Colleague: 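Take this structure, written in structure tokens, and hold onto it; I'll ask about it next.
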Amino acid sequence: MYLTKEEEQILNGEAGETLRQAIGILVTLGDIYGADRLIPIKSAQIAGVSYKTIGDAGLEWISDLQGRVKVPAILNPAGMDLEDWERLRISPEFAEKQKLIIQAYAKLGIRCECTCTPYTLEGFDTGYGDHLAWSESSAVSYANSVLGARTNREGGPSALSAALLGKTANYGFHLDENRVPEISIHVESPLKGSDYGALGYIAGKLAGSRVPVFHLRTTPDADELKAIGAAMAASGAVALYHVEGVTPEIRRLNFEDPEEKITIERKQLDEVYETLTKVTREPELITIGCPHCSATELEKVAKLLKGKTVSKELWIFTSRELVKHYPEYIKTIEKSGAKVVCDTCMVVSPATNRYSCVMVNSGKALAYVPGMCGAEAVYGNMEMCIEEAVGGSTAKKEGGSH
Ligand SMILES: C[C@@](O)(CCOP(=O)(O)O)CC(=O)O
Ligand code: SF4
């Protein structure tokens with residue numbers, strides 16, 4: 001891989017140990033994946049923040065780093081609400097470690113708002129063709145697919161290295177040739193709301209790490225695109241997808257339709273919802289906001305909860321910035337007894353581990369909650385989730401209709 005004179009000097013340790021390590025990580029990855037050089041990035045999003053997932057080894061590594069990031073960089077969700085961690089009954093020991101992790105990142109100049117939807121934040125504008133180093137897989141998918149930006153699915157350490165250098169290695173999804181559709185997915189039945197998460201959950205398993213192009217009857221909005229991508233990145237390893245007539249790259253470039261074609265039937269989507277009727281126990285916890293809720297989703301939740309009282313734990317995850325911008329929605333939601341929680345999520349917080357069955361409206365959470373929280377997970381749309389929280393097992397009695 002070609003390095004400029006300055007990059008060679010950094011690699012030789014002339015700019016200090018942190019940058020030597022950082023460029024070492026990028027050059028190693030670049031060599032493995034055949035990068036020709038390092039390229040400048042616009043921003044970085046760094047996963048590996050929750051003490052639950054990175055532990056003491058992660059904390060130690062980050063604490064040893066010196067210097068400041070060269071581009072806007074932001075963190076993925078942590079293990080708790082940083083301002084109100086007692087609310088989800090996080091232990092003081094966990095909170096102590098989590099705070100140290102955040103302090104270590106803050107020292108490097110990283111924005112310590114912890115969210116997987118950085119593209120909704122002011123000052124984090126991301127546009128067509130921008131090169132990025134993002135690591136949370138749903139954010140990666142959204143950036144590549146919905147915004148037409150370019151990022152690989154970075155690991156926490158490589159995204160952090162890229163942030164410290166302001167550069168990443170030029171391979172994978174930074175290159176035109178790797179952004180071409182490889183499998184064509186057709187859905188004949190009209191889709192609505194969490195049908196898109198269910199679609200992503202099935203499509204991810206079929207696509208693996210390939211780039212799918214969807215041919216849909218209905219036009220997904222931004223939240224629905226977010227849900228497809230998040231689910232496909234979790235049930236499979238999809239980092240980029242196209243939707244014919246909808247996403248920006250396929251609208252600008254004339255991609256040929258791939259030879260391999262598959263059809264996903266309504267029946268397959270219905271099976272995802274049937275998780276609700278198949279569980280051995282009733283959901284004890286209901287969670288919404290994987291990926292973090294947008295303003296529109298908060299508005300929908302507020303409307304559904306208006307004037308109601310929940311009888312089960314209902315947690316809504318979103319970014320702190322949206323909580324500040326939409327106090328009315330938050331007030332309505334919390335009046336019902338539901339909790340709006342920032343900086344964390346149902347997957348990376350240890351709080352979820354206390355429950356044995358969790359209801360979600362996210363294909364991604366459906367894929368991750370069992371493995372990462374040791375709980376059964378069941379699927380419903382937003383209305384079903386709210387109904388379950390308010391009315392007990394209503395959704396189950398109705399047989400999972402949606
Ligand atoms: C599950 C996930 O959304 C969050 C947990 O990752 P981490 O602890 O931030 O590395 C990561 C991902 O899918 O990229
Ligand atoms: S809410 Fe979902 S998408 Fe966001 S960090 Fe948690 S698991 Fe990942």
Side-chain angles (χ1 to χ4, degrees), residues 3-30 35 37-51 53-54 56-79 82-83 97-127 130-136 139-140 143 149-170 174 319-321 343:
L3 293 182
T4 63
K5 201 158 171 257
E6 194 198 347
E7 289 161 358
E8 288 281 3
Q9 286 166 346
I10 297 173
L11 191 62
N12 292 334
E14 291 173 37
E17 178 53 21
T18 295
L19 289 186
R20 190 194 66 76
Q21 267 190 38
I23 203 164
I25 290 174
L26 299 189
V27 168
T28 305
L29 284 170
R37 64 198 158 99
L38 296 176
I39 50 167
I41 52 163
K42 190 172 178 192
S43 64
Q45 191 257 1
I46 298 155
V49 181
S50 173
Y51 180 63
T53 60
I54 69 167
D56 287 317
L59 168 59
E60 215 171 288
W61 184 68
I62 304 155
S63 306
D64 285 345
L65 300 174
Q66 308 290 330
R68 306 283 291 178
V69 292
K70 299 229 170 37
V71 291
I74 193 160
L75 295 181
N76 204 42
L82 298 174
E83 289 182 10
K97 296 280 191 178
Q98 186 63 72
K99 284 183 203 157
L100 291 175
I101 293 172
I102 300 297
Q103 280 162 21
Y105 278 125
K107 204 182 76 190
L108 301 172
I110 298 166
R111 241 170 105 169
C112 292
E113 282 163 78
C114 302
T115 183
C116 48
T117 55
Y119 42 84
T120 63
L121 301 188
E122 275 170 29
F124 226 78
D125 303 337
T126 304
D130 287 344
H131 292 276
L132 318 167
W134 288 15
S135 48
E136 201 282 330
V140 166
R150 297 182 170 215
T151 175
N152 286 317
R153 184 174 172 166
E154 301 286 352
S158 66
L160 180 53
S161 301
L164 289 162
L165 287 158
K167 293 177 184 177
T168 192
N170 191 32
H174 294 286
S319 63
R320 191 166 292 285
E321 183 161 309
D343 315 316

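Keep in mind it's a predicted model, so treat the numbers as computed, not measured.
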Colleague: With the side chain counted from C-beta on, respond yes when Glu113 and Leu121 share a heavy-atom pair under 4.5 Å apart, and no when they do not.
Modeller: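 Yes; the side chains approach each other to less than 4.5 Å.
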
Colleague: One pair to check against side chain to side chain contact (heavy atoms under 4.5 Å, CB included): Leu19 and Leu164. What are the steps and the verdict?
Modeller: CA-CA 7 Å; Leu19 289 186; Leu164 289 162; 4.0 Å; yes

Colleague: Would you find a donor on one side and an acceptor on the other, under 3.5 Å apart, between the side chain of Asp343 and the backbone of Leu82?
Modeller: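 Here the side-chain-to-backbone pair exists.
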
Colleague: From Ser63 OG over to Ile101 CD1, what is the distance, rounded to the nearest 0.5 angstrom?
Modeller: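 Here the interatomic distance stands at 8.0 Å.
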
Colleague: Given side chains that start at C-beta, do those of Thr168 and Leu38 come closer than 4.5 Å, heavy atoms only?
Modeller: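 A side-chain contact is absent here, since even the closest heavy-atom pair is not under 4.5 Å.
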
Colleague: Kindly give the heavy-atom pair with the smallest separation between Ala73 and Ala163, and that separation in Å.
Modeller: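 In terms of heavy atoms, the two residues are closest at CB-CB, 4.0 Å.
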
Colleague: Could you tell me the separation between the CD atom of Glu60 and the CG atom of Leu65, rounded to the nearest 0.5 Å?
Modeller: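 Answer rounded to 0.5 Å: 11.5 Å.
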
Colleague: Is there a donor-acceptor pair under 3.5 Å between the side chain of Gln66 and the backbone N or O of Thr18?
Modeller: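 Between the backbone of Thr18 and the side chain of Gln66 there is no qualifying donor-acceptor contact (under 3.5 Å).
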
Colleague: Measure across Gly109 and Val69 and return the closest heavy-atom pair with its distance rounded to 0.1 Å.
Modeller: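 Heavy atoms of Gly109 and Val69 come nearest at O-CG2, 3.4 Å.
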
Colleague: Would the distance check show the side chain of Glu321 and the main-chain N or O of Glu122 forming a donor-acceptor pair, the cut-off being under 3.5 Å?
Modeller: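 Answer holds: yes.
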
Colleague: Roughly how far apart are Ile10 CD1 and Ile23 CD1, rounded to 0.5 Å?
Modeller: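 Result: 5.0 Å between the selected atoms.
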
Colleague: What's the separation between atom CD in Gln98 and atom CD in Gln103, rounded to the nearest 0.5 Å?
Modeller: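 Gln98 CD to Gln103 CD: 11.0 Å, rounded to 0.5 Å.
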
Colleague: Starting from the C-alpha separation in whole Å, work towards a yes-or-no answer on side chain to side chain contact (heavy atoms under 4.5 Å, CB included) for Ile46 and Asn76.
Modeller: CA-CA 6 Å; Ile46 298 155; Asn76 204 42; over 6 Å; no

Colleague: In terms of side-chain heavy atoms, does Asp125 have a donor or acceptor partner in Tyr119 at a distance below 3.5 Å?
Modeller: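 Looking only at side-chain atoms, Tyr119 and Asp125 do not form any donor-acceptor pair under 3.5 Å.
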
Colleague: With a 3.5 Å distance limit and no angle check, can you tell me whether Gln9 reaches the backbone of Glu14 through a side-chain donor-acceptor pair?
Modeller: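 Absent.
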
Colleague: Between Asp64 and Trp61, is there a donor-acceptor pair closer than 3.5 Å when you use the side chain of the first and the backbone of the second?
Modeller: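 Such a contact is absent between Asp64 side chain and Trp61 backbone.
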
Colleague: So, taking the atom named CD1 in Ile102 and the one named NZ in Lys97, what distance separates them when rounded to the nearest 0.5 Å?
Modeller: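 One gets 14.5 Å once the value is rounded to the nearest 0.5 Å.
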
Colleague: When you measure from the side chain of Thr115 to the backbone of Ser319, do you find a donor-acceptor pair of N or O atoms at a distance under 3.5 Å?
Modeller: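 No.
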
Colleague: Would you sort out whether Glu83 and Arg320 count as a salt bridge (charged side-chain N to carboxylate O under 4.0 Å, His left out), showing the intermediate values?
Modeller: CA-CA 10 Å; Glu83 289 182 10; Arg320 191 166 292 285; 3.1 Å; yes

Colleague: Please step through side chain to side chain contact (heavy atoms under 4.5 Å, CB included) for the pair Leu100 and Tyr51, ending with a clear verdict.
Modeller: CA-CA 9 Å; Leu100 291 175; Tyr51 180 63; over 6 Å; no

Colleague: For Phe124 and Pro118, which heavy atoms make the closest approach, and how far apart are they?
Modeller: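 Looking at all heavy atoms of both residues, the shortest contact is CB-O, 3.4 Å.
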
Colleague: How close do Ala159 and Ala44 get, heavy atom to heavy atom, and via which atoms?
Modeller: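 What the structure gives for the nearest pair is O-CB, 3.9 Å.
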
Colleague: Can you check whether Glu136's main-chain N or O pairs, donor with acceptor, with Gln45's side chain at less than 3.5 Å?
Modeller: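 Yes.
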
Colleague: Is there a side-chain contact between Leu108 and Leu160, using heavy atoms and a 4.5 Å cut-off?
Modeller: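 Yes, close enough: below the 4.5 Å cut-off.
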
Colleague: Hey, are Glu8 and Lys5 close enough for a salt bridge, meaning a charged N less than 4.0 Å from a carboxylate O?
Modeller: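 No salt bridge links Glu8 with Lys5.
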
Colleague: Using the test side-chain contact (heavy atoms from CB on, under 4.5 Å), find all partners of Thr120 that sit at least two apart in sequence or belong to another chain.
Modeller: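 Thr117.
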
Colleague: Does any N or O in the side chain of Arg150 come within less than 3.5 Å of the main-chain N or O of His174, such that one atom is a donor and the other an acceptor?
Modeller: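 Flag set: sc Arg150 to bb His174 pair under 3.5 Å.
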
Colleague: Could you tell me whether a side-chain N or O of Thr28 sits under 3.5 Å from a main-chain N or O of Gly24, the two making a donor and an acceptor?
Modeller: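 Such a contact is found between Thr28 side chain and Gly24 backbone.
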
Colleague: Using atom types as modelled and distance alone, determine if a side-chain donor or acceptor of Ser161 lies under 3.5 Å from a backbone N or O of Ile25.
Modeller: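 Pair absent, no side-chain N/O of Ser161 close to backbone of Ile25.
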
Colleague: Between Lys167 and Glu7, is there a salt bridge with N-O shorter than 4.0 Å?
Modeller: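 Looking at Glu7 and Lys167, the cut-off is met.
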
Colleague: Under 3.5 Å, is there a donor on one side chain and an acceptor on the other for Trp134 and Thr126?
Modeller: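 Result is no, nothing qualifies.
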
Colleague: So do the side chains of Val140 and Thr151 get within less than 4.5 Å of each other, counting heavy atoms only?
Modeller: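 Val140 vs Thr151: side chains touch.
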
Colleague: CD/Gln21 to CG/Leu26 distance, rounded to the nearest 0.5 angstrom?
Modeller: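 The CD atom of Gln21 sits 11.5 Å away from the CG atom of Leu26.
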
